[in-house]
Structures are given as structure tokens and as C-alpha cells.
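Step one of this worksheet: look at the structure below.
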Amino acid sequence: MSSLFDLADERSETASAAQELRYLQNLNPEQCQAVETTEGPVLVLSGAGTGKTRVLTTRLAYIIDKKLSKPWQCLAVTFTNKAAREMSERLEKIIGPDASSVWLGTFHKLGLRILRSYYHVVGLEKDFVILGEDDQERLLKQLMQSNGIDIKEFAPGALLSVIQRWKDRGLSPAMVTQNEDPGFMYGKSLAFYKMYQKRLKELNAVDFGDLLLLPLEIFKTRPDIAGFYQKQFKYILVDEYQDTNVAQYLLLRLLAMGSGNLCCVGDDDQSIYSWRGAEVENILRFSKDFPTAKIIRLESNYRSTTHILGAASALIANNEGRLGKTLRVAPGRDGGGDLVSVRGYWNGQEEALHVVNTIENLMREGLSLSNIAVLVRAGFQTREFEEALIKAGIPYQVIGDFKFYEREEIKDAVAYLRLVNNTNDDLAFQRIVNKPKRGIGETSVKMLQEYARSFHVSLFDAIENADLKASAQRALTDFKNHVMRWRAGALKEPLKELTKKILEESGYMNMWRTDKSIEAEGRLENLKELQNVMAEEFEDISAFIEHASLAMDSDNNINQELITVMTLHASKGLEFDVVFLPGWEEGLFPHSKALDEKGRQALEEERRLAYVGITRARKKACISFASNRRVYGQWQNALPSRFIDELPSEHIALQSARGLKGNLGYFNSFNQMDDRGTLYSTPSKEESDEEETYSWGRSTGMFLNKSISKSGKRVHHELFGDGTIVRDEGDKVEVCFDYQGRKKVLKKFLEEA
DNA sequence: GGGTTGCCCGTTTTT
DNA sequence: CGGGCAACCC
């Protein structure tokens, strides 16, 4: 056995000697340094597009190649499954099958792995379940209601986030002191945190926060176990360090205490998840935590043009709390290209329409749709673009719309499997006991719960003896028999068949088949897709359940021939040739909600978000704003974002609005309105520095006119050909013709295209 | 127990 | 404007 391994080692050594040259050759000096500085704590500050993933994978390969440690003594942690998958694939390309024995995965997977080995230390049973957010909320809601809290006054979700923040900070209930209570719900949050944890234990369940907290607890109570892992991991690598929360930081610090070889890669300027518990502080104080730490900056950008980097750098320089880093075009690369364009529009529709027109031009120039993205601040903004894209017949995809495993039908199907796998899974039970309708209502479930609580059995086991109405008793017994039968089959049948059987026999499939709503069909397709996923990758039911509870990602293929529309948050880590950044208005971006809650801190995070957005672009970034926007069915007007004023004039091209005026900002007079929505400052055509002149000087609140809703309509003109209506002006309309450009024409010369 | 109506609320969301 | 949810009624 051992000789076989030795032989394999020798072979891979010779093979890798040649390879090593190859992969180190592709790195610049800073990247090389980041790869070769293997010993001790290292912080790699890697700006956008500086080859972060390459450094991480190469470093791993280097460590293994040089035999500094065995593959299974390396730990590499990421935040997303996608990042982990990517790293794993790239690593395998360099070092081959050895890649699979590296501990490579998300923080939560690492936590789970530890917990699966030592669950008993923290009082869990072997087959503990992992709760999703909806489970957590349902649980809290029940607790609140049974403790006389009016859930109209206090949202369970709000309490959940208070608890979650504590967990993010590594605080178990016993560690929370009263002055850490944010005062939510008359300071009762802590009491509920305690109850919540107690309930989790009763249910033999953990939540995502626990996947980090409980391993910490295990290490604290059992130093021997901590010692084991400390010895195990010779080299630790962390991706996206700026996004770690305190619990993750504590875990890392503890694990690294053995070898001291901790390498964190991150970019403080791209920290955009503080509201989820991430602490930029972790990266900012790295050298305080690890005084011997080496700090390596990766500043050579392989992605964008000089103007894009110049605009982004100047913008982010307005932040105070940063380590400082300047992106520059990587040596030997041509940084030439267009200025970042900044454009103002009358309203959101016009903005979307113009973006789509621009996209059509790009298509005509031969740019592939997969190289174009529209990045928005808030989800509702995608709608306008979707509508405009549909009208133009351009295929698109909205990322993060609904994640596969977050869909109702998928969660239901998984709940069925959870219950079949483990009848003690009360939360799964509650989810599907009456779905489809079986005549088991709230009151029956309440009865079950009561019985289950007093006799310390699961809801499932309570069915037999609980004091139920005859009809409910019958329905539940029937349900129970079904589950028992599925359980019997669970061991023999392949997962796919089993699932199919369960979903059919439970009536779940029929529930959607008889549903005549538009989504029903899609839901059935998703269920089919779920079965396909299972057939390929999982043989065992619990393996699948584990995957389903940890994997929230849906394998988005951005590489298809589609325009991508998504939020700025979702765009982190991606890149596109052309990026549209609409909606840069005060109130929307920076978002007012962020601003008035947390002040400057929040403003800086919004600015980082803007920075992330601009740096997604390889060749061209198009920023825009609209003076008027429909929000919640109501028209609102807004000023251009302060971030626009922060862009250096040498890197931007102002379009369709008057130029710089004094030091009040580029667009200070763009949108001066009185309270009737009337423009009283009206830049003239002459002052506008752009080719397609808009009549900014409308004298009344045109946006209130219903007829504008005709914008986007396709029309045909005898002389000019086909085009799209841009604006309705009574007897005339402004039309953007596909080949003749923008013209005002009389309506009577138009016909529907 | 289950369907319907009316009210409230609305940023971002890696696991 | 529109989704989600709780109270309300059959």
C-alpha cells in the first residue's frame, strides 16, 4: 500500500517539476511573492482583477508540490460553494487528483465537518438537521407567539437577525451581556435567544450560525480536539477575508495556532456584506492580530482600462477606513479605451430604453451578449430593464432572482425527503404535513405539538396518542403510513426513483398539476430538475439532504448568450466587457435606508459597492441616473448620486446634461424642481455636450402624463423604417429609429410595427 | 379546515 | 403597485 503511494508521489514529483516552472512563470513578482511566502501569517491585499484566485490556487499547488505538507494538511476556505468549486477545479488542473484530498470548501462546510465528528460534545445526536432561514423564522415565531409577543409589532425576522448578529460575533447566549442587546423588543431578545437555542437542541437541529459557533464551543471545552485540528492543518488559506465575521475569525485564529501559517486574501475595498455580519475590521487589524504578518499588495490589474481604474480608484479614495491600495493597469497591458460615460435621463423608463438601445448597437458591433451586464442597486430596478429587453427581443437572465434551493417546491420536496430520512425532523414535518391539503389544519398541529412537548417525542410519533379529532386522526394516520412505507423503500430504491414515488404518492405533484397559475408549470419543471440532479450526484439520501441544506447556489451559467441583469452585490467576483450602472441617484444609491441607520460607515460601504460595480467592467462602464423614478407606484424625483460628483473629470464623459458648474457638482442644476414637479432650471441645448440632445427644458411634469406609457412601443415609418417610441409629445412623438437615429415625427406618419 | 379579502410594507442576501 | 400575511367568514 505504502509503496504504491510512494511510487505515485515520485511520478507526480517529476511531472510537477516541469509544471512548476510553467505555473510560476505566469505570475507577476507580487503574485509570486504571495505564492512563495508560505511560512507565517500573510495578508494578501488583492484588488479587483489582480488575479486573486490564481494566487490562491497556485499557492496551494506550490505548497503541495514542494512537499511542504501533504494535500490533506492544507485547508482552504471560501464563502461560496461556487468559489470553492472554482478553486478546486483549477487546483486539479495544476496538481491532478491530489487536489481532492485538500480540505477545500466553505466555512460552513468546514464547521459541519467538525460537527459531524464531535456533535456529542455539544449535546447533539448523530443525525442532527440543518435549518434553513424559513425554519428558523417559523421557530422563532412560534416562540414569540407562545410568549405573548405581538408579531405584528415585532417581526420574527427582526428578532432572527438580532440573534444572527450575536452568532456572527461568536457569542453564545451565555456570553451576551445586557449592554450588547440592541434594545429590540424591550430588551427581551436575549431571553428569546436562550429559548431559541433550547428549542434547537430539543429538535436536534442547528442553524447556519451554529455551524461556526458550535465548533468553537467544542474547541473550548475539549482542548484535545482543538489540538488535533491545529496539528492537522499545516497551511491555512482564506479567500475573501474582508467578508469574514467574528466567529469565522475566531475559528481561523484557533486553527492557525498550531502551524501559524495563515494566509488571508481579501480586499477591504470590496467589503459589502457588513449587514450580514461581516466585519471589515478583521482585515483592517490583521497585522495587529498577527504582529509578524507580511502584507503583500496585488495592485496590477489585468481586467480594466486606465479610465475605468482611474474612476474607481478616485471614487474609493473618498473612504477613510481603508488599508490603501492603488490599482494600475498591469505592466505590458494596453490600458487604452473609452472614458467612463455618465448620463442623465428624465425617468427610469427612458434610462432603461437607452441602455437597451446601446446594447443593440453593441450587438450590431458584434459584441456577445454574455459580455454585457446591467448592475443595479436594488432588486426592483431589474423590472424596468426586463421590460425594455423583452420589448427589444434581447435574451436576458436575472441572476439571484430565485435560487434553486430556495424555491418553494424544492424546499417542500426536500422536506419530504427530510421527513422520510428522519421522522424526528419536526420542522420538515410541519412544512409538508398539510401540503397538499389533507385536512390537517393548524389546530391539529397545535395538538400534536402540545402532546409532543409534554412527552418529549417528535410530532411524527405523537400522531398515535395525541388527543385529536377523528377526521384529523384519520388523515394523520394515513399520512404516517405513507411515510413509513417510503421509509421502507428508502434503503432499496435509488434516490431519484424514491423521490419520484414520494412526490407522486403524496399528491404533491398533482397539487401543482391542478394549479392553473402561470408558475405551476415552472415548478413542475424544477421538481423534475431536482430529480435529475439527484440521479447524477447522490446515492444516499442524507448526503443529498446535506447538500440541499448547505448549497444555496443554483449553478448560474453566465456564459450563455444572454444579457445578465443583477444586483451589484451579486456581481462581486464577476467581470464583463461592458457594464451598465443605472440608478445612481441619491436615496437609491447610496441607499437612504443604509444611510440614516448607520451614517458614515454605511456610506462607505455603499461607496465600496460603487467601486465593485465599476471594477466589473473590462472595457466600458456606463453610469447613469434618472431624475424621476416610479417607486412603489409613486413617482419620485431625485438628485444625481454624490458618487457621480466623486468621479474625476479626466476619466469620465458627461453626456446629455450640462457640464461642470462651479464646485457644486456636475449636475447641480439638472433637477431643480418645485413641489409641483416642475423644472425651473433648464439647461439649454447649447450647454449640453452631447450628440443626442434631449429637451430637458420641459415646463411641466410630463412624467405625470399617462401617454408616456406608450414609450417602448415599436413603430414603422415610411421613410425612416422601424423604431421605438421614446417619448410622447401630443401630436408628435420622438422615435429612436433602428438605423436613422432619434427623430421627432408626426404620429399620423407612423403605423404599428 | 379552508378560502377570501383587506391591510401593511417595501435594500443588499455568499451559507 | 403588488406580495405576503392575518383576520375574517363560510
Side-chain angles (χ1 to χ4, degrees), chain A residues 77-85 105-112 130-134 136-137 141 145 150-153 155-157 161 164 167-168 206-212 239-240 242-245 247-248 270-278 375-383 399-403 405-406 408 434-446 469 471-472 475 546-554 556 566-574 583 587-598 602 605-606 608-609 612-613 630-635:
Chain A
V77 260
T78 63
F79 275 83
T80 63
N81 291 310
K82 193 176 151 215
R85 209 180 312 129
T106 63
F107 273 103
H108 296 269
K109 214 170 209 151
L110 171 67
L112 178 62
I130 304 162
L131 268 49
E133 200 163 306
D134 52 332
Q136 298 179 58
E137 214 170 302
K141 192 170 140 194
Q145 280 174 328
D150 177 9
I151 56 166
K152 263 211 158 130
E153 195 179 352
S161 67
Q164 212 80 267
K167 291 195 172 187
D168 289 336
V206 299
D207 64 17
F208 281 122
D210 288 338
L211 291 178
L212 305 168
D239 191 17
E240 307 273 21
Q242 78 281 354
D243 288 334
T244 50
N245 61 33
Q248 287 157 340
Q270 292 188 67
S271 165
I272 54 175
Y273 282 107
S274 76
W275 46 275
R276 269 187 118 276
L375 309 182
V376 297
R377 172 67 242 264
F380 73 85
Q381 290 174 265
T382 61
R383 240 184 99 175
I399 301 288
D401 225 9
F402 250 107
K403 310 240 163 52
Y405 287 101
E406 277 173 2
E408 183 186 346
N434 199 32
K435 204 169 177 187
K437 302 259 181 293
R438 300 185 175 90
I440 302 160
E442 218 174 315
T443 33
S444 300
V445 175
K446 281 246 165 67
K469 249 192 348 197
S471 63
E546 191 163 300
H547 166 82
S549 28
L550 280 186
M552 310 301 282
D553 75 332
S554 41
N556 293 309
M566 65 183 144
T567 64
L568 288 159
H569 282 91
S571 76
K572 195 173 68 158
L574 303 174
L588 180 57
F589 192 37
H591 202 287
S592 57
K593 203 140 192 171
L595 256 41
D596 39 53
E597 273 169 25
K598 287 190 273 167
E605 182 148 317
E606 294 284 300
R608 291 194 289 267
L609 202 48
V612 166
R630 215 180 169 139
V631 186
Y632 308 138
Q634 207 117 51
W635 283 99

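Reminder, nothing fancy here: chain letters follow the sequence lines and each chain counts from 1.
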In plain terms, say whether A:Lys141 and A:Asp134 are close enough for a salt bridge, that is, a side-chain N and a carboxylate O under 4.0 Å apart. no
Considering only B:dT15, B:dG1, B:dT12, which nucleotide approaches the side chain of A:Ser444 most closely? B:dG1
N/O (side chain, A:Ser471) to phosphate O (OP1/OP2, B:dG1) under 4.0 Å: no
Rounded interatomic separation in angstrom, taking CG from A:Leu375 and C1' from B:dT11: 16 Å
Scan A:Gly379 against the nucleic acid and name what it touches under 4.0 Å (heavy atoms): base, sugar-phosphate only, or nothing. sugar-phosphate
Steps toward side-chain hydrogen bond (donor to acceptor under 3.5 Å, both in side chains) verdict (A:Tyr273, A:His569): CA-CA 8 Å; A:Tyr273 282 107; A:His569 282 91; 5.5 Å; no
Is the phosphate of B:dG1 approached by A:Thr443 (side-chain N or O, under 4.0 Å from OP1 or OP2)? yes
Starting at CD of A:Glu133 and ending at P of B:dT12, how long is that distance when rounded to a whole Å? 13 Å
A:Leu212 CG to B:dT14 P, in whole Å, measures 16 Å
Donor-acceptor pair present, A:His108 side chain and B:dT15 base, under 3.5 Å: yes
Checking all strands, does A:Thr78 fall into the base, sugar-phosphate, or nothing category for heavy-atom contacts under 4.0 angstrom? nothing
Can we call the ring centroids of A:His108 and A:Phe79 under 6.0 Å apart? no
Would you indicate what A:Asp243 reaches in the nucleic acid, counting non-hydrogen atoms under 4.0 angstrom: base, sugar-phosphate, or nothing? base
Nearest-Å distance for atom pair CG/P, residues A:Leu131 and B:dT15: 17 Å
Side chain of A:Leu550 (C-beta onward), nearest among B:dG1, B:dT15, B:dT13: B:dT15
Return the value, rounded to whole Å, for the distance between atom NZ of A:Lys437 and atom P of B:dG1. 12 Å
A:Lys446 bridged to A:Glu442 by N-O distance under 4.0 Å: yes
Under-4.0 Å side-chain N/O to phosphate OP1/OP2 contact, A:Asn81 with B:dT15: yes
May I ask you to evaluate whether A:Asn245 reaches the phosphate of B:dT14, defined as a side-chain N or O under 4.0 Å from OP1 or OP2? no
Quick tally for nucleotides 1-10 of chain C: nucleotides whose base has a protein heavy atom under 4.0 Å get B, sugar-phosphate-only ones S, the rest -, giving BS---S----
For the side chain of A:Tyr273, counting heavy atoms from C-beta on, which of B:dT12, B:dG10, B:dT13 is nearest? B:dT13
Any donor-acceptor pair under 3.5 Å linking the side chain of A:Asp243 with the backbone of A:Ala278? no
Could you check if a side-chain atom of A:Glu240 sits within less than 4.5 angstrom of a side-chain atom of A:Thr78, using non-hydrogen atoms only? no
Are any of the side-chain nitrogens in A:Glu408 or A:Lys435 under 4.0 Å away from the carboxylate oxygens of its partner? yes
salt_bridge(A:Arg276, A:Asp168) N-O dist < 4.0 Å: no
Over how many whole Å does the gap from A:Phe107 atom CZ to B:dT15 atom P extend? 13 Å
If you find the nucleotide of DNA chain B closest to A:Lys109 and the one closest to A:Gly439, which residue's nucleotide is nearer the 5' end? A:Gly439
Spacing between A:Met566 atom CE and B:dT14 atom P, to the nearest angstrom: 12 Å
From the set B:dG2, B:dT12, B:dT14, return the single nucleotide nearest to any side-chain atom of A:Arg276. B:dT14
Between A:Leu550, A:Leu131, A:Leu112, which is the residue that forms a side-chain contact (heavy atoms from CB on, under 4.5 Å) with A:Phe208? A:Leu550
Does a side-chain N or O of A:Ser549 approach OP1 or OP2 of B:dT15 to a distance below 4.0 Å, or not? no
Side-chain contact check for A:Asn434: nearest option of B:dG2, B:dT14, B:dT15 is B:dG2
Roughly how many Å is it from CG in A:Asp239 to P in B:dT15, rounded to a whole number? 13 Å
Candidates B:dT12, B:dG2, B:dT11 - which lies nearest the side chain of A:His569: B:dT12
